[in-house]
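A quick write-up on the structure given underneath.
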Amino acid sequence: MDKPRNTPGQDRAPGADGTLTRRSFITGTAALIAASAAGIPARARARDEDPFEARYYEKLDHEEIRCLLCPKECRIGDRERGYCGVRENREGTYYTLVYGNPCSLHLDPIEKKPFFHVMPGTAALSLSTVGCNMECKFCQNWQISQSRPEQVDTEFFPPSLIADRAVSVKASSIAYTYGEPVVFIEYMQDIAAAARKKSVRNVVVTSGYIKKKPLLDLCRQVDAIKIDLKAFRENYYRDICSAELRPVLDSIETIAGEGVWLEIVYLMVPTLNDDPGPIREMARWLLKHAGTDVPLHFSRFFPQYRLKNLPPTPVSSLERAYDICREEGLRFVYVGNVPGHRTESTYCPQCGKQVISRSGYRIRGIELVDGACRYCGERIPGIW
Ligand code: SF4
């Protein structure tokens, strides 16, 4: 179930190793779902039968609609879809085409997301549908994010069955991950509600490119959100991700303000977003808007998708970024995708002792007592 320690890329969908063709990947994930869902009486349903109405849009004249889910605010005519390709206007009513249709479903260590301050050592039932509202040139799950609903052959998994499955496999949480959960928000919200009734937590792995109203709703429904902050420059978001930085920063402020547990991942791509200047600016911004306790993970890049021309991130660049952010006062900074690195463990910011020992995705020891350092009693923030 776990991936090898040297697998490049945190939270890649199983099978998405970048060497498969889209067709073979899709075939593989269909089999994965069948295997993962053993015991779940999934109900087969044709995709176009009984589509689910989207929650965040407004009707315009002439059967047009405007999507109000993400900052792209697509204006969509009858029988057309938005940029993400998974939401469609039919005669002035907007529908999600992926509700109940995960394309990947797997049991992962929560460290793989990565969440380092949320129930360490537990399993997260992880799922995604196809579709994304961005297109990052380095996407490690592009086979999912850039596919369309017609390209995946799945069955219907109602939210209650996903929640039941989490209980039966002893998952402490459900993770909405791999692709971009924003584009399947209705499905995520309904699974989260079903999971809460069964005392299963909900954690979201997202780029944070979402408008404030749906994000505020989501904050009331889930326990933790991890934001992929791609860079601290607008031109990087525009040129590499087909998106904007400002709305993502707004999302970080909103989540922090709502008191939902927040972690940040920064994928460091050589020559594109590894400049120390913007990293220092980012650290100062996070301190001011998210506080000293927000965990920040610098993740090592490996060449894939449309950025195969670049080398893996030098470990020295990650360590430099780590040092900058610690100097600025962030208390929990990590280097990811470098198995065995000392900074993949958690250290008490008061006494300096190791309080959570990690090796890759494995937990080797936890020295917390009721969420506090066993050695000095300092509170370590998180969900324990
Ligand atoms: S969620 Fe999709 S359809 Fe809606 S605004 Fe964003 S890209 Fe467009």
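We count ligands from 1, going down the list as the structure has it; atoms in each ligand are counted the same way.
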Would you confirm whether the ring centroid of Phe116 sits within less than 6.0 angstrom of the ring centroid of Tyr334?
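Distance test on ring centres: under 6.0 Å, yes.
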Counting the benzene-type ring for Trp, do His297 and Tyr266 have ring centres under 6.0 Å apart?
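Not under 6.0 Å, so no.
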Between Phe184 and Leu127, is the side-chain contact (heavy atoms from CB on, under 4.5 Å) condition met? List the steps.
CA-CA 11 Å; Phe184 62 89; Leu127 69 91; 4.0 Å; yes
Distance filter under 4.0 Å to [X] heavy atoms, resulting ligand 1 atoms:
X	value
Glu73	5 (S)
Gly82	3 (S)
Tyr94	3 (S)

Just need the protein heavy atom nearest to atom 2 (Fe) of ligand 1, so name the residue and atom and give the distance.
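Answer, as residue, atom name and distance: Cys84 SG, 2.4 Å.
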Out of Val86, Leu69, Ile76, whose heavy atom is nearest to atom 1 (S) of ligand 1?
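Minimum heavy-atom distance to atom 1 (S) of ligand 1 goes to Leu69.
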Six-ring centre of Tyr322, Arg342 cation under 6.0 angstrom, axis tolerance 45°:
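Geometry flag: set, cation within 6.0 Å and 45°.
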Relative to ligand 1, is Arg81 under 4.0 angstrom through side chain, backbone, both or neither, heavy atoms considered?
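It is neither; nothing of Arg81 touches ligand 1.
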Heavy atom under 4.0 Å from ligand 1: found in Tyr57's side chain, backbone, both, or neither?
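Tyr57 to ligand 1: no contact under 4.0 Å from either part.
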Neighbour count above 12 (heavy atom, 6.0 Å) for Arg246 CZ
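Atom CZ in Arg246 is packed in, count exceeds 12.
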Let me know which of Lys230, Arg238, Arg306 forms a salt bridge (charged side-chain N to carboxylate O under 4.0 Å, His left out) with Glu135.
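Only one of Lys230, Arg238, Arg306 forms a salt bridge (charged side-chain N to carboxylate O under 4.0 Å, His left out) with Glu135, namely Arg306.
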Are any N, O or S atoms from Cys74 nearer to atom 8 (Fe) of ligand 1 than 2.8 Å?
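Under 2.8 Å: Cys74 contacts atom 8 (Fe) of ligand 1 through an N, O or S atom.
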Could you tell me if any non-hydrogen atom of Phe184 lies under 4.0 Å from any atom of ligand 1?
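No.
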Under 2.8 Å from atom 6 (Fe) of ligand 1, can any N, O or S atom of Cys70 be found?
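Short answer: yes, at least one N, O or S atom is under the cut-off.
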Taking all non-hydrogen atoms of both residues, which atom of Phe52 and which atom of Glu186 are closest, and how far apart?
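Where Phe52 meets Glu186 most closely, the heavy atoms are CE2-CB, 4.0 Å.
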Is atom 4 (Fe) of ligand 1 less than 2.8 Å from at least one N/O/S atom of Cys67?
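True for Cys67.
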